[in-house]
Amino acid sequence: MERKYNPQEIEPRWQDFWEQKGTFRTSEDHSKPKFYALIEFPYPSGEGLHVGHPRPYTALDIVARKRRMQGYNVLFPMGWDAFGLPTENYAIKNKIHPRIVTERNIARFKEQLRSLGFSFDWSREVNTTDPEYFKWTQWIFLKLFEKGLAYKQEMPINWCPSCKIGLANEEVVNGGCERCGSEVEMRVKNQWMLKITAYAQRLIDDLELVDYIDRVKVQQRNWIGRSEGAEVDFPVVGTPHKLRVFTTRPDTIFGATYMVISPEHPLLDEFKEQISNYAELMAYRDQAKKKSDFERAELTKDKTGVEIKGLRALNPATGNEIPIWISDYVLMTYGTGAIMAVPGHDERDWEFARKFGLPIVEVVVGGNVQEEAYTDTQSGIMVNSGFLNGLEVSEAIKKITAWLEEQGLGRRKVNFKLRDWVFSRQRYWGEPIPLVHCDKCGWVPVPEEELPVVLPDVENYEPTDTGESPLAKIRDWVETTCPKCGGPAERETDTMPQWAGSSWYFLRYTDPQNDEDLAAKDRLDYWLPVDWYNGGMEHTTLHLLYSRFWHKFLYDIGVVSYPEPYKKRTSHGMILGENNEKMSKSRGNVVNPDEIVAEYGADTLRLYEMFIGDFEKSVPWSTDGVRGCRRFLDRFWRLQEMAVPGKEFNPSLETSFHKTIKKVSEDYENLKFNTAIAAMMALLNEIFAVGRITHAELKTLLILLNPVAPHITEEMWVRMGFPGYVHAQEWPKWDPDKVIEETVDIAVQINGKVRGEITVSLTDPVERARELAMANGNIQRYIEGKNIVKEIYVPGKIYNIVVK
RNA sequence: GCCGGGGUGGCGGAAUCGGCAGACGCUACGGACUUAAAAUCCGUUGGGCUUUCAUGUCCGUGCGGGUUCAAGUCCCGCCCCCGGCACCA
């Protein structure tokens with residue numbers, strides 16, 4: 001038998017053991033309390049696993065392993081989010097079918113994950129590219145379509161010229177493509193859209209039902225961007241038309257001295273005949289069209305715009321005629337694409353008014369609106385505002401809104417920044433959208449029993465320059481018959497975005513082989529919602545919002561029984577390179593987990609990733625830190641040599657053990673893995689100082705460390721000849737009475753400065769503390785010749801004597 | 001600009017119902033072991049001053065004030081960093 005700790009020998013052996021015995025298979029015994037732990041399933045890239053991956057995986061593996069020992073029926077599954085661009089690009093470049101590339105990448109990832117000893121139930125593995133899986137992704141889409149939540153629309157989209165793909169707003173970062181960084185252009189395309197905006201309010205409201213870390217909730221609210229205000233109709237003079245605006249400040253309507261509409265606004269086309277400078281306006285529109293939203297926002301320094309000659313609006317409050325301008329600072333995609341400009345109290349309007357010499361009127365007192373816009377108007381008194389004069393802002397808002405409603409000129413309105421989800425991708429490697437276009441019947445869903453609509457095998461996956469999907473060229477796939485009328489029809493050639501498959505994958509884990517339903521209802525009811533979902537902050541406005549939307553929809557149609565998919569959401573920090581920069585191939589600072597496993601072992605890697613620092617923060621990798629963790633395990637291994645029989649805790653270590661059990665138990669649940677490990681390290685130091693460890697103590701310690709370092713603890717348990725296996729033990733409990741030290745060393749302060757130390761029992765009265773303190777020479781020195789003014793004695797904490 | 005999080009040794013980080021700041025780990029230095037090195041073990045490691053030894057003492061948690069017997073922690077006013085949103089009406 002080997003003496004030395006040899007993870008390279010131990011770890012694969014235990015991994016085989018767990019697999020063969022099905023140790024971590026989840027049962028469907030619904031009488032047991034359940035715990036569903038979820039981590040974001042990875043995109044199996046060609047790069048293989050990165051040291052960032054195991055951080056969240058280990059964290060929830062720890063919680064899952066602990067909960068099993070606490071008697072829960074635990075579901076901790078894993079799968080693959082395998083559709084996506086990099087695979088397709090690789091396939092194009094190397095002329096290998098993306099399916100093959102995907103298979104290969106998955107095999108690699110799986111092997112790497114296996115080598116880290118995660119307690120996934122691999123029998124429940126899902127793969128978004130598996131037709132048996134995406135059949136249900138397509139099914140959900142058809143349900144959305146059926147309910148009118150999927151629609152096709154001609155609309156300007158963010159177009160990445162390098163990926164040749166349309167991007168959702170969420171995929172545009174600082175004006176560039178999230179994936180490749182190329183600058184995004186605007187293009188008008190006919191796209192499938194999902195009406196996530198119909199759920200905007202519920203997506204905000206139901207955040208109340210869930211336990212998400214605060215920054216996640218805040219970011220979601222931020223992204224949805226709810227704002228309350230009113231819609232107001234401004235009559236267009238000499239026409240029956242009314243120009244509708246959205247404003248959050250209807251109270252300032254008396255200060256609206258002109259209007260601005262977006263260059264794309266349809267008003268221009270409608271009144272083409274009456275507009276005398278139509279050509280000029282069109283030139284401006286063309287110019288604006290060329291700019292992306294980002295560019296438009298970038299050019300913030302200087303306002304541009306053109307007045308519409310021949311059209312004027314009527315301010316319904318003042319009765320004055322006011323000019324209408326077009327400017328690209330008004331976006332067609334928010335509100336109504338038109339604003340009432342109140343230059344006195346809005347910086348943008350003020351700037352614009354200044355530049356074009358438009359009148360500026362003060363309506364809330366407090367500033368000097370000729371000098372600058374006065375925007376500190378959350379409160380204030382109205383002036384120059386007719387019947388609102390003298391009112392407080394909040395009163396004025398109520399009064400004007402009521403007046404507008406009475407006059408039929410406006411109404412209260414809530415607006416959201418959230419836009420509908422661009423759901424089409426002009427790509428090959430994605431789920432085909434299961435619709436057929438028939439000249440007679442329009443868009444017709446593929447009948448459910450014909451799902452899945454699978455991808456045809458093709459020679460060439462290159463996207464076309466026209467922006468059409470490569471599928472469009474496969475005529476014998478495209479050409480089909482209409483399911484409704486039987487006439488000739490064409491398949492939709494757009495595919496779904498990567499976010500589709502990941503919007504519901506956690507449901508499939510409950511019943512991954514089901515071919516009748518997306519998952520059996522009783523399983524969904526038992527397992528959902530997910531008890532704890534950990535994932536990256538980068539998915540807060542994408543995946544997390546999308547999947548909440550889909551889940552709410554599935555709730556509405558009765559598939560699931562709770563409106564929220566995830567009860568709790570936490571997020572891990574990134575692991576940076578040793579140089580404190582983001583790990584990337586180009587920076588050459590990537591650490592490969594395989595090498596760490598080969599050199600130090602999986603347990604060391606797991607331990608290190610949990611000990612490295614605050615779980616929620618980014619932290620640089622440190623090879624020296626890894627060695628320190630290996631050293632700990634080497635020392636831990638040597639406990640075997642100092643083990644002595646005994647069913648009790650050594651009295652001198654008893655309190656330490658109970659404290660450690662408490663600390664570790666609590667810290668594992670609170671993302672404080674680093675301090676849990678520190679506590680075990682400290683206890684190990686104490687044990688080494690004592691020089692021996694009883695069997696009872698060693699068993700306890702093995703169980704506590706097992707979730708972090710499962711291989712070494714399994715091995716030591718068996719080597720010690722303890723009955724059964726460590727993973728099958730019950731999680732230890734601490735005795736609240738034994739967590740408290742009987743005697744403690746506390747500081748004695750004179751006027752708040754530490755001047756000595758005494759050893760007291762918690763139950764000792766102040767007299768006892770005083771007696772001990774007075775015996776201390778240094779204390780005597782400070783008290784001599786002084787009057788004791790006050791004594792503060794906090795048992796177990798401090799003894800402070802105030803002298804004068 | 002708005003919202004959120006955060007500034008603690010040479011480094012990662014502990015400690016926030018106010019109660020000995022720096023747990024745990026790393027690094028560095030010194031020592032033991034070794035022919036030597038690695039590994040391992042022991043010791044020191046916030047700064048200054050003091051001390052033969054022991055110790056003692058002052059300063060120190062981004063900056064400036066305040067409350068308190070006592071402040072990293074609470075209050076007021078600033079500075080800086082990270083993340084999100086941003087011509088959103």
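Just so we're on the same page: letters track the sequence lines, and every chain starts at 1.
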Measure from CE on A:Met681 to P on B:C26 and round the result to the nearest Å. 7 Å
Tell me what A:Glu616 touches on the nucleic acid: a base, only sugar-phosphate, or nothing, going by heavy atoms under 4.0 Å. nothing
A:Lys303 has a side chain; which of B:C20, B:C87, B:G4 sits nearest to it? B:C87
Taking the side chain of A:Thr675 as heavy atoms from C-beta outward, which of B:U27, B:C20, B:A15 is closest to it? B:A15
Hey, is the side chain of A:Ser227 poking within less than 4.0 Å of OP1 or OP2 on B:A89, counting only N and O atoms? yes
Name the orientation class of the two ring planes belonging to A:His345 and A:Tyr374 (parallel below 30°, tilted from 30 to 60°, perpendicular beyond 60°). perpendicular
I want to check one thing: is the phosphate of B:U40, taken as OP1 and OP2, less than 4.0 Å away from some side-chain N or O of A:Arg635? no
Length of the CD-C1' vector between A:Glu686 and B:C24, whole Å: 13 Å
Nearest to side-chain heavy atoms of A:Arg638, which nucleotide of B:G12, B:U40, B:U57: B:U40
Taking the side chain of A:Arg781 as heavy atoms from C-beta outward, which of B:C20, B:G56, B:C24 is closest to it? B:G56
What distance, rounded to whole Å, do you find between the two P atoms, one in B:G18 and one in B:U73? 12 Å
Of the listed B:C24, B:C88, B:C26, the closest approach to the A:Arg348 side chain comes from B:C88
Relative to the ring of A:Phe352, is the ring of A:Tyr329 parallel (under 30°), tilted (30 to 60°) or perpendicular (over 60°)? tilted
Can you figure out which of B:C20, B:A14, B:C88 approaches the side chain of A:Asn674 most closely? B:A14
Chi class for B:G9: syn within 90° of 0, otherwise anti: syn
What pairs with A:Asn534 under side-chain hydrogen bond (donor to acceptor under 3.5 Å, both in side chains), at least two apart in sequence or on another chain? A:Thr570, A:His572
Quiz item: A:Arg419 side-chain donor-acceptor pair to B:C88 base, under 3.5 Å: yes
If I take atom CG in residue A:Asn751 and atom P in nucleotide B:C58, what distance separates them, rounded to the nearest angstrom? 11 Å
Nearest-neighbour nucleotide for the A:Arg631 side chain, B:C24, B:C20, B:U27 considered: B:U27
Is there a donor and acceptor pair closer than 3.5 Å between the side chain of A:Lys797 and the base of B:C20? no
Using OP1 and OP2 only, check whether a side-chain N or O of A:Arg215 sits under 4.0 Å from B:C85. no
Side-chain heavy atoms of A:Ile677 within contact of A:Met610, under 4.5 Å: yes
Could you state the atom-to-atom distance from CZ of A:Arg630 to C1' of B:U40 in whole Å? 13 Å
Can you tell me how far C1' in B:C79 sits from the matching atom in B:C63, rounded to whole Å? 7 Å
Considering only atom P, compute the distance from B:U16 to B:G10 and round it to an integer number of Å. 24 Å
Would you say B:A14 has OP1 or OP2 under 4.0 Å from some side-chain N or O of A:Lys663? no
In terms of relative ring orientation, are A:Phe615 and A:Phe673 parallel, tilted or perpendicular, with 30° and 60° separating the classes? perpendicular
For A:Arg55, check salt bridge (Lys or Arg N to Asp or Glu O under 4.0 Å) against everything at least two apart and list the hits. none
Whole angstrom is fine here: how far is it from CZ in A:Phe356 over to P in B:C87? 19 Å
Please report the distance separating the C1' of B:G43 from the corresponding atom of B:G84, rounded so that it comes out in whole Å. 48 Å
Rounded P spacing from B:U52 to B:A15 in Å: 41 Å
Pairing of A:Asp634 and A:Arg638 as salt bridge, 4.0 angstrom limit: no
Using the C1' atoms only, state how far B:U45 lies from B:A39, rounded to an integer number of Å. 23 Å
When you get a sec, tell me which of B:G84, B:C69, B:A89 is the closest nucleotide to the side chain of A:Thr248? B:A89
Answer yes or no: does a side-chain N or O of A:Asn778 lie under 4.0 Å from OP1 or OP2 of B:U57? yes
Identify whether any heavy atom of A:Val218 sits under 4.0 Å from a base atom; if not, whether one sits that close to sugar-phosphate; answer base, sugar-phosphate or nothing. sugar-phosphate
Would you indicate which nucleotide in B:A89, B:U40, B:G19 comes nearest to any side-chain atom of A:Asn800? B:G19
Looking at A:Arg755, I'd like to know whether one of its side-chain N or O atoms comes within less than 4.0 Å of OP1 or OP2 on B:U57. yes
For B:A14 versus B:A37, give the span between their C1' atoms, rounded off to a whole number of Å. 36 Å
With a cut-off of less than 4.0 Å, is there a side-chain N or O of A:Tyr782 near OP1 or OP2 of B:U57? yes
